[in-house]
Engineer: 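Just passing along the structure, written as structure tokens.
Quick caveat, the model's predicted, so the values are computed rather than measured. Start at 1 and go down the list; that is how both ligands and their atoms are numbered.
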Amino acid sequence: MFSVLVLNGPNLNLLGTRQPEVYGSTTLAMVERACAAHGAALGLDVTCLQSNHEGALIDAIHAAKGVHAGIVLNAGAYTHTSIALMDAIASVELPVIEVHLSNIHAREAFRHTSYIAPVALGQICGFGAQGYNLALDALKKHLSEVPPA
Ligand code: DHK
């Protein structure tokens with residue numbers, strides 16, 4: 001069984017009430033429960049974390065090395081700003097799947113740039129909370145094909 005970290009960044013603790021027309025009405029607790037259940041069905045042991053702080057997200061990525069086989073990451077707005085998060089992902093060399101609830105490419109121009117995408121295995125966006133399950137599916141397939149060292 002592979003261990004996987006589902007990491008959520010700033011403002012995602014407000015899911016459910018935050019601009020539901022953009023991010024949907026599913027709460028973070030519901031997302032995390034769904035990830036645990038879907039992960040278990042795939043044979044993945046899912047740990048969930050959320051922080052509004054860039055440094056805490058970096059610490060979580062560093063701490064994932066040697067503990068988790070991969071990461072599902074919604075870095076929120078840090079996606080579009082954080083070279084530090086990009087460097088952290090490149091440093092730990094873990095497979096990362098980038099998730100966004102909304103289709104960032106159909107929104108404001110500043111959301112079209114992702115500092116996570118160049119160091120991620122792939123990006124899933126625009127499918128709402130379902131995106132996390134899609135990311136777990138993709139991560140499971142990747143880990144089955146390329147087992148962690
Ligand atoms: C979440 C955020 O908080 C935004 O800053 C991103 C992303 C999009 C999402 O769709 O999940 O631009």
Engineer: Which residue pairs pass the salt bridge (Lys or Arg N to Asp or Glu O under 4.0 Å) test when at least one of the two sits in residues 53-66, sequence neighbours left out?
Structural biologist: none
Engineer: Side chain to side chain donor-acceptor pair (under 3.5 Å) for H80 and T113? Distances and angles first, verdict last.
Structural biologist: CA-CA 6 Å; H80 319 299; T113 299; over 6 Å; no
Engineer: Identify the protein atoms, limited to N or O, that lie within less than 3.5 Å of an N or O atom of ligand 1, and list each pair with its distance to 0.1 Å.
Structural biologist:
unit_1   : atom_1 : unit_2 : atom_2 : d
ligand 1 : 3 (O)  : R18    : NH1    : 3.0
ligand 1 : 3 (O)  : R18    : NH2    : 3.0
ligand 1 : 5 (O)  : A77    : N      : 3.1
ligand 1 : 5 (O)  : R111   : NH1    : 3.2
ligand 1 : 10 (O) : L101   : N      : 3.2
ligand 1 : 10 (O) : S102   : N      : 2.8
ligand 1 : 10 (O) : S102   : OG     : 2.6
ligand 1 : 11 (O) : N74    : ND2    : 2.9
ligand 1 : 11 (O) : L101   : N      : 2.8
ligand 1 : 12 (O) : H80    : NE2    : 2.7
ligand 1 : 12 (O) : R111   : NH1    : 2.8

Engineer: Mind checking the OG-CZ spacing from S25 to R18? Nearest 0.5 Å is all I need.
Structural biologist: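 One gets 14.5 Å once the value is rounded to the nearest 0.5 Å.
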Engineer: So does Y78 have more than 12 non-hydrogen atoms from other groups sitting under 6.0 Å from OH?
Structural biologist: yes
Engineer: Scan side-chain atoms only and decide if S114 and E98 contain a donor-acceptor pair under the 3.5 Å cut-off.
Structural biologist: yes
Engineer: Are I61 and Y115 connected into the same hydrophobic cluster when the rule is that any two of I, L, V, M, F, W, Y join if their side-chain heavy atoms are below 4.5 Å apart?
Structural biologist: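 Linked, Y115 and I61 end up in one cluster.
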